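What follows is a set of notes on a single structure, which appears directly below.
Whatever order the structure lists them in is the order used to number ligands and atoms, beginning at 1. Since we're looking at a predicted model, the values are computed, not measured. Position 1 is the first residue of the sequence; numbering continues from there.
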Amino acid sequence: MYEKVTMLKPGSTILVIGATGAMGKSVIKALLRDETSSRWKIRAFTRNSKSSHAKQLENLSPRIELTEGNNDDAKSIETALIGVDGVFCNTDFWTCGSQAIETEQGLRILELSRVANVKHFIYSSLDDCYRISSGKLPVPHFDAKAAVEAHIDRQRDEGEPWYTGHTTVLRTAPYFENFQSYFLPQPERDETGQTVLTFSIPMADKKWTMVALDDIGWFVVHIFANPATTIGKTLAIASDSLTIKEIASLFTEVTGISAIYNEISLNDFRSSGEPGAEEGANLFQFVQECGLERDFEELRLIHPGLLSFKSWLEKSGWQGESVSVQKLLADLGVTAKR
Ligand SMILES: NC(=O)c1ccc[n+]([C@@H]2O[C@H](COP(=O)([O-])OP(=O)(O)OC[C@H]3O[C@@H](n4cnc5c(N)ncnc54)[C@H](OP(=O)(O)O)[C@@H]3O)[C@@H](O)[C@H]2O)c1
């Protein structure tokens, strides 16, 4: 019933779920840049094709078409899947704010893609913090995706042909770009009265593992272009892993702007009263205690141009200012503040 896996043909249509978001846009830009002359056609899934983000996306290329729908609405997904060869799916925890709903969305999109016999489906996942920490550290925006990944694993283990022959899991990591939004460094006076930018993530002396949005896009193109080595597999990616002290020091080295690590304890972060503080603290504690396991040697073999934090700073030209990265923050009118 399911044909043998072959490479998607040039001109194939890729449905991108989460297309107008930070990750989706980076994936679409990488598909448009793809030098294998695949000339992908992109169907960008959005709840509102008239939003400024959707319009900006559409204006990037005549190869992009917008399609309206909602991850909660099966009918709209079915319609969006008509004539689609590949899917890249990044569901969004923060809009629905519910682990159960996000997992349901992922399972729904997968099942409808299986029924539509999509040739290559890439599921954007995150680490299973709850399971790995033996239930100690729930991180719902990670665990929701991990539950969908676990479903994919179970189907593959049972030899279900579509999951075995047509899916790839891409386990990503926190973006470098979060420093431009959620984790914007704050100016403070040091003991000499000079202004320094302070990076304040509660990671003590442990490493924080991150990925460049550009690298996510690169890996998605790689996966679609290399089904023989990626189908039926899970690829856990990241670009770099550094202590926050190293991050501050590299920032100073590249920009010439004084920066330090302002060490904040997990308890202080947890009790800050900020929205998402409990979940964020659990994630930081998880990364401190369990780490985000990534094989950088293997990743660099696959992608020799993997961006280090230093090379990302050089490439982006970021000088510590606030940048609009996540669509949701823009929609809510939230700008990372100084
Ligand atoms: N920040 C990080 O470091 C990081 C790293 C890895 C993974 N993630 C995960 O990425 C997800 C957020 O994606 P992002 O970073 O691209 O955020 P974003 O820029 O805020 O984008 C959110 C995207 O989700 C879409 N969306 C939200 N609810 C939807 C629904 N019900 N139906 C259809 N589309 C919906 C939005 O589309 P429209 O508004 O156009 O409908 C938009 O494209 C989160 O779940 C997060 O866990 C984040």
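Under 4.0 angstrom from ligand 1, there are no non-hydrogen atoms of V211. At a heavy-atom cutoff of 4.0 Å, ligand 1 is contacted by both the backbone and the side chain of N71. If you look at H53 next to ligand 1, there are no close heavy atoms at all, none under 4.0 Å. Only side-chain heavy atoms of E102 come within less than 4.0 Å of ligand 1; its backbone N, CA, C and O stay farther off. Residue contacts with ligand 1 for T172 involve side-chain atoms from C-beta outward but no N, CA, C or O (heavy atoms, distance under 4.0 Å).
Ring geometry for W40 versus F224: interplanar angle of 30 to 60°, hence tilted. Ring geometry for Y163 against H151 counts as perpendicular: the plane angle is over 60°, on a 0 to 90° scale with 30° as the lower cut. Ring geometry for W218 versus H222: interplanar angle under 30°, hence parallel rather than tilted (30 to 60°). Under the 30°/60° scheme for interplanar angles, the aromatic rings of W162 and F121 are found to stand perpendicular.
The shortest N or O to N or O distance between M23 and ligand 1 is below 3.5 Å. At least one N/O-N/O distance between R47 and ligand 1 falls below 3.5 Å. Between N48 and ligand 1, not a single N/O pair is under 3.5 Å apart. Residue-to-ligand polar distances place F93 within reach of ligand 1: an N/O pair is separated by less than 3.5 Å. Polar contact check, G21 against ligand 1: a nitrogen or oxygen pair lies under 3.5 Å apart. Residue A173 has no N or O atom closer than 3.5 Å to an N or O atom of ligand 1.
The protein heavy-atom contact nearest to atom 8 (N) of ligand 1 is Y175 OH, 3.7 Å. Of all protein heavy atoms, the one lying nearest to atom 47 (O) of ligand 1 is K145 NZ, 2.9 Å. Given atom 31 (N) of ligand 1, the protein heavy atom at minimum distance is N70 OD1, 2.9 Å. For atom 10 (O) of ligand 1, the nearest non-hydrogen atom of the protein is N90 ND2, 3.4 Å. What sits closest to atom 18 (P) of ligand 1 on the protein, heavy atoms only, is K327 N, 3.4 Å.
Here the closest non-hydrogen pair linking S239 and F296 is C-CE2, 3.5 Å.
Atoms CG and CD1, from N90 and I122 in turn, are 12.0 Å apart once rounded to the nearest 0.5 Å.
Around atom CZ of F286, more than 12 heavy atoms belonging to other residues, nucleotides or ligands sit under 6.0 Å away. Within a 6.0 Å radius of CD in E78, more than 12 heavy atoms belonging to other residues, nucleotides or ligands are found.
Ion pairing between R47 and E68 fails under the 4.0 Å rule for side-chain N and carboxylate O. Looking at E149 and K145, no side-chain N of the basic residue comes within less than 4.0 Å of a carboxylate O on the acidic one, giving no salt bridge.
Annotation for ligand 1: atoms under 4.0 Å from non-hydrogen atoms of A22 are 14 (P), 15 (O), 16 (O), 18 (P), 19 (O). In summary, the atoms of ligand 1 found under 4.0 Å from a heavy atom of L126, numbered by their order in the structure, are 6 (C), 7 (C), 47 (O). Of all atoms in ligand 1, numbered sequentially from 1 with element shown, those under 4.0 Å from a heavy atom of N178 are 1 (N), 2 (C), 3 (O). Counting atoms of ligand 1 from 1 in the listed order, those under 4.0 Å from a heavy atom of T95 are 27 (C), 28 (N). Which parts of ligand 1 touch Q326 is read off a 4.0 Å heavy-atom cut-off, strictly below it: atoms 1 (N), 19 (O), 20 (O). Short contacts between ligand 1 and T46, defined as distances under 4.0 Å to a heavy atom of the residue, involve ligand atoms 38 (P), 40 (O), 41 (O).
The distance between the ring centers of F176 and F309 falls below 6.0 angstrom.
The shortest heavy-atom distance from G18 to ligand 1 is under 4.0 Å.
With no hydrogens or angles considered, a side-chain donor-acceptor pair links T95 and D92 at under 3.5 Å. In the model, R114 has no side-chain atom that pairs as donor or acceptor with a side-chain atom of Q155 under 3.5 Å. Side-chain atoms of Q326 and S181 include a donor-acceptor pair closer than 3.5 Å.
By the salt bridge (Lys or Arg N to Asp or Glu O under 4.0 Å) test, K245 is found to be paired with no residue, residues two or more places apart in sequence or in another chain being considered.
In this comparison of L328, L57, T20, T91, the heavy atom closest to atom 43 (O) of ligand 1 sits on T20. Of all the listed residues (D92, I101, D73), D92 holds the heavy atom that lies closest to atom 22 (C) of ligand 1.
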